[in-house]
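To start, the structure under review is shown below, and the notes come after it.
Note that this is a predicted model, so its numbers are computed, not measured.
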Amino acid sequence: MITLKAVLEYDGTRYSGWQEQKNARTVLGEVRKAVEEVLGARVELMGSGRTDAGVHALGQVMHIKLVSGLAGGAAGGLENARRKLNERLPADIAILSVEPAPRSFHARHDAIARTYLYQISKRKQAFTKRFVWWVKDDLDVSAMERAAATLVGRHDFACFREKDHSRQEESTVVVVYRSEIETNEDIVQFRIEASHFLWRMARRLVGVLVRIGTGAMQEQDLVRLLTGKPDPAFEVAAWTAPASGLFLETVRYE
């Protein structure tokens, strides 16, 4: 068994998410076709996490497990394999690196933290509209910064989770290592690093931060939501931010 670690970036606009589906075009589905063609064998592929339809990645990590040695187009080594993969992949998916990994390496289970980036635009964007959420209301960015800072630490994010029957055993208690807001001209960036992320958690946090920025919610309301107890006064699911502005930025390992 040979295990490889690959890092890739992709524009998720045209895909129904990362995970393979029978009747939909997905990022992993496109990657599998290219990998099996280049390596000349069936392989086990697993990403560090599943991104939803329309969500992008700057540093998605996946493992590639082969039963036997490199074959076919990969005979020239890993860099040759990376070039051949990129030649076969669609223009909106790119393999950044491929390197040997310990046989037991698992892209998802071995990850100790993931960082997501969300981009909010304060104006209409002609060229980057696929990668931002245009919020037309005025935003109190200072209030958003203070609210984002309260996320750091260990909290119960049950109020921000979309139920997923395939992950019922997943803990809703998440450790947030970093949570901050930065402004670059007309772009407001929210960056959050955590032990793990619940389904839709990042986008729902953005939705609540925007409501705080518009004055529709107060900072202490976010603190109440972090207790994990649902409150009928807060329709968190309805405030889920669009997928377009979300990026899986980095994945951290030991």
Side-chain angles (χ1 to χ4, degrees), residues 2-67 70-101 105-108 111 114-119 121 125-134 166 187 189 197 199-200 202-203 240-251:
I2 293 176
T3 302
L4 304 174
K5 175 185 176 184
V7 180
L8 61 156
E9 64 182 16
Y10 50 84
D11 172 354
T13 305
R14 299 191 305 139
Y15 299 96
S16 298
W18 164 264
Q19 197 70 14
E20 289 174 290
Q21 300 176 37
K22 287 184 178 180
N23 300 309
R25 193 181 190 201
T26 68
V27 178
L28 185 55
E30 294 297 318
V31 171
R32 180 178 297 280
K33 285 189 292 185
V35 168
E36 293 187 347
E37 182 178 345
V38 169
L39 299 186
R42 292 189 62 81
V43 295
E44 175 192 313
L45 300 178
M46 174 69 72
S48 65
R50 295 180 288 180
T51 52
D52 288 343
V55 174
H56 322 291
L58 298 172
Q60 171 72 283
V61 177
M62 72 175 181
H63 68 240
I64 305 172
K65 292 186 182 288
L66 301 92
V67 176
L70 299 181
L78 294 181
E79 179 56 25
N80 181 59
R82 186 187 70 84
R83 288 197 299 267
K84 288 183 175 294
L85 285 171
N86 281 328
E87 289 171 1
R88 287 163 173 76
L89 285 167
D92 46 13
I93 303 175
I95 305 294
L96 303 179
S97 65
V98 181
E99 61 186 38
F105 173 71
H106 195 287
R108 182 165 66 89
R114 297 164 179 80
T115 301
Y116 276 90
L117 168 69
Y118 196 95
Q119 296 196 135
S121 178
Q125 300 282 343
F127 300 107
T128 60
K129 61 182 180 179
R130 294 193 304 179
F131 308 114
V132 299
W133 174 21
W134 174 26
S166 67
I187 301 295
Q189 293 185 325
F197 285 83
W199 190 23
R200 303 278 170 85
R203 289 165 57 192
T240 305
S244 58
L246 186 61
F247 296 77
L248 172 58
E249 187 173 42
T250 59
V251 185

*Evaluation steps, side chain to side chain contact (heavy atoms under 4.5 Å, CB included), between W134 and K129*: CA-CA 8 Å; W134 174 26; K129 61 182 180 179; over 6 Å; no
Rounded to the nearest 0.5 Å, what separation is found between the [atom1] atom of [X] and the [atom2] atom of [Y]?
X    : Y    : atom1 : atom2 : result
I93  : E9   : CD1   : CD    : 10.5 Å
L45  : R32  : CG    : CZ    : 4.5 Å
E37  : L89  : CD    : CG    : 10.0 Å
R114 : F197 : CZ    : CZ    : 8.5 Å
I95  : I64  : CD1   : CD1   : 7.0 Å
Y116 : F247 : OH    : CZ    : 12.5 Å

*Passing candidate, side-chain hydrogen bond (donor to acceptor under 3.5 Å, both in side chains) with S48, options H106, Q60, H63*: Q60
Taking all atoms of both residues into account, what is the closest heavy-atom pair of [X] and [Y], and its distance?
X    : Y    : result
A243 : V55  : CB-CG2, 3.8 Å
G49  : W18  : O-CD1, 3.8 Å
A81  : V38  : O-CG1, 4.1 Å
L246 : A202 : CD1-CB, 4.2 Å
A107 : M46  : CB-O, 3.4 Å
A241 : Y118 : CB-OH, 3.5 Å

*Check step by step if side chain to side chain contact (heavy atoms under 4.5 Å, CB included) holds for Y10 and D92.*
CA-CA 5 Å; Y10 50 84; D92 46 13; 5.9 Å; no
Note, [X] side chain near [Y] side chain (heavy atom, < 4.5 Å):
X    : Y   : result
T51  : V27 : no
R50  : L28 : no
R203 : D52 : yes
L4   : L66 : yes

_side chain to side chain contact (heavy atoms under 4.5 Å, CB included) evaluation trace for L117 with Q189_ = CA-CA 7 Å; L117 168 69; Q189 293 185 325; 3.8 Å; yes
Quick check against the 3.5 Å criterion: does [X] have a side-chain atom that pairs as donor or acceptor with the backbone of [Y]?
X    : Y    : result
Q119 : F131 : yes
K5   : S97  : no
H56  : G245 : no
T26  : G29  : yes

*Answer yes or no: does atom CZ of R25 have more than 12 heavy-atom neighbours from other residues, nucleotides or ligands under 6.0 Å?*
yes
*asked:* One thing to verify: whether R82 and E79 come together as a salt bridge, which I'm taking to mean a side-chain N less than 4.0 angstrom from a carboxylate O.
replied: yes
